[in-house]
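Just so you know, these numbers come straight off a predicted model, no measurement behind them.
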Amino acid sequence: AYPKLPPGPKTLPIIGNIHQLSGSQPHRALTDLAKKHGQVMHLQRGEVSTVVISSAQMAKEALKTHDVALVNRPRILAAQTITYNFQDVSFSPYGGYWRQMRKMSLPVNLTDLVFALTNAVTCRSAFGSRCTYQDQLVQLINEIIEVSSGFDISDLVPSKKFLHIISGTVFKIKKLQSKLDPIFESKIQEHKEADSGEDMFAAGTDTSAATVLWVMAELIRNPSVMERAQAEAVIKETLRLHPPVPLLLPRECREPCETGGYDVSVGTRVLIDGWAINRDPEFWEDPESFKPERFLDNGIEFVGSNFEYLPFGGGRRICPGIAFGVASVDLALAQLVSHFDWKLPGGAKPESLDMT
Ligand code: HEM
């Protein structure tokens, strides 16, 4: 017998439904289609048979009941190339290697990391871009701090120039300068030649950064929230309305299963529309409004046990970076919100912010 496929829009020859998904925000197109065809919907995207899930109840079936059946990722070409044949966590097939990779942890030198962080922040603010020579720069800055501490002979006996030469200080400083200059030169050169596209791309795809920016946008539009900002509730509400990975990462069926009464066969791509689910009026009162208060006492957590809230996905392939991601967002926001008042330039109205 033929498998019982979920309902879906009519397909065209060869392309199937691709024409209905063009544009930069497929989650919005999928959410609109699901309103017509249902919370479990079938689409043909070229050769790829795809099931789209757009409700908490169906997401629970997919991520909990059928977690093992739907635990694989599709073999996306870009991922295959960039990760040298799926050697990363996100796209490696389910199995021993993936399990090992998820567990992997390394000892770190916290001092180096913190230094690198503050340096990276400074570097980005000063130059507007990432530092190619960050390691060398950190090393150089350490040495510069050492010779600038005011305890060098040249600082203690400033008038006796010959001492500065004999002690080697002058030579040391000149050497530091000769190492530092080319780094600054190359930064200036890069800046002149910059096609800022790459940077924009990096920033746009960085989940934590995207979250911080969305929080800031929401706080500018909702100044009263800014005052009584309960950081975690604000972050949760922002991730509800603006999940940086709105369709989670795609799954691929590895064992036949049934979702919502429909058959899902091996090889079918399964997309979970977190964006639609996070805004489902059945669960969320006034779902389009930014109201962090709703998270103060609803007990909803990031960890994927509430299937009406899926910013980090769920099941075995849930995001392993939740704690890290939330901490980074929290850290950045604490700096931004507590030290500055934020308004739009030129007296622009907060309502004029483009929230798409
Ligand atoms: C606000 C920040 C972040 C958001 C919203 C986010 C969201 C997500 C989502 C939706 C998935 C797909 C889960 C699924 O398929 O059910 C995912 C997977 C993943 N995330 Fe995150 N993420 C964030 C930060 C991070 C950070 C900081 C790291 C690493 C330090 C990270 C590492 C990963 C990895 C490795 C996977 C693939 C897991 C697997 O396939 O087994 N994420 N993330």
Step by step, would you call H242 with L213 a side chain to side chain contact (heavy atoms under 4.5 Å, CB included)?
CA-CA 10 Å; H242 313 288; L213 295 176; over 6 Å; no

Using atom types as modelled and distance alone, determine if a side-chain donor or acceptor of [X] lies under 3.5 Å from a backbone N or O of [Y].
X	Y	value
R240	P287	yes
R73	S90	yes
W342	L336	yes
D67	R316	yes
N72	Y94	yes
D263	K4	yes

Which pair of heavy atoms, one from [X] and one from [Y], lies closest together, and at what distance?
X	Y	answer
L241	F290	CD1-CA, 3.9 Å
L344	A348	CB-O, 3.7 Å
N17	K10	ND2-O, 2.9 Å
N278	P311	ND2-N, 4.4 Å
L140	I183	CD1-CD1, 3.9 Å
L33	P9	CD2-CG, 4.3 Å

SB check E237 R294 (cutoff 4.0 Å)
yes

NZ/NE/NH1/NH2 to OD/OE distance under 4.0 Å, E288 and R279:
yes

Side-chain heavy atoms under 4.5 Å apart, restricted to Ile/Leu/Val/Met/Phe/Trp/Tyr: what other residues fall into the cluster of [X], or is it alone?
X	result
V170	I165
F86	I76, F91
I15	L12, I18
W275	none

Kindly indicate whether the side chain of [X], heavy atoms from C-beta on, has any atom under 4.5 Å from the side chain of [Y].
X	Y	result
L271	L43	no
H66	E255	no
I144	L180	yes
N306	F283	no
Q44	I14	no
L249	R317	no
L63	F307	yes
L30	Q20	no

Checking [X] now: which residues fulfil side-chain hydrogen bond (donor to acceptor under 3.5 Å, both in side chains) with it, not counting sequence neighbours?
X	result
D273	T31
R45	T50
H42	S49

Are [X] and [Y] joined in one hydrophobic group, where the rule is that I, L, V, M, F, W and Y side chains link up if heavy atoms are under 4.5 Å apart?
X	Y	value
M216	L239	yes
I277	I300	no
M355	V215	yes
L248	V68	no
L310	L247	no

Any residue meeting salt bridge (charged side-chain N to carboxylate O under 4.0 Å, His left out) with E47, in chain and number order, not counting sequence neighbours
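Residues passing salt bridge (charged side-chain N to carboxylate O under 4.0 Å, His left out) with E47: none at all.
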
My understanding is that only residues two or more places apart in sequence, or in another chain, count here; which of them pass salt bridge (charged side-chain N to carboxylate O under 4.0 Å, His left out) with E301?
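E301: salt bridge (charged side-chain N to carboxylate O under 4.0 Å, His left out) contacts with K236.
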
Does any pair with a residue in residues 157-171 pass side-chain hydrogen bond (donor to acceptor under 3.5 Å, both in side chains), and if so which ones, sequence neighbours excluded?
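Non-adjacent pairs meeting side-chain hydrogen bond (donor to acceptor under 3.5 Å, both in side chains): D152-T169, S167-T169.
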
Enclosure of D181 CG (heavy-atom neighbours >12, cutoff 6.0 Å)
yes

Gap between atom [atom2] of [Y] and atom [atom1] of [X] - 0.5 Å precision:
X	Y	atom1	atom2	answer
E143	K172	CD	NZ	7.5 Å
I322	F312	CD1	CZ	5.5 Å
I235	E218	CD1	CD	13.5 Å
E285	K291	CD	NZ	6.0 Å

List for me each residue that meets ring pair (Phe, Tyr, Trp, His ring centres under 6.0 Å) alongside F295, sequence neighbours excluded, and say none if there are none.
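F295: ring pair (Phe, Tyr, Trp, His ring centres under 6.0 Å) contacts with W284, Y309.
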
Pairs under 3.5 angstrom only: tabulate donor-acceptor contacts from the side chains of residues 52-62 to other protein residues two or more places apart or in another chain.
residue	atom	partner	partner atom	Å
S55	OG	Q39	OE1	2.7
S55	OG	M58	N	3.2
E61	OE1	G260	N	3.0

Establish, for the pair R102 and Y97, whether the NZ or CZ atom is under 6.0 angstrom from the six-membered ring centre and no further than 45 degrees off its axis.
no

Among P6, S265, C253, which residue satisfies the side chain to side chain contact (heavy atoms under 4.5 Å, CB included) criterion with V51?
P6

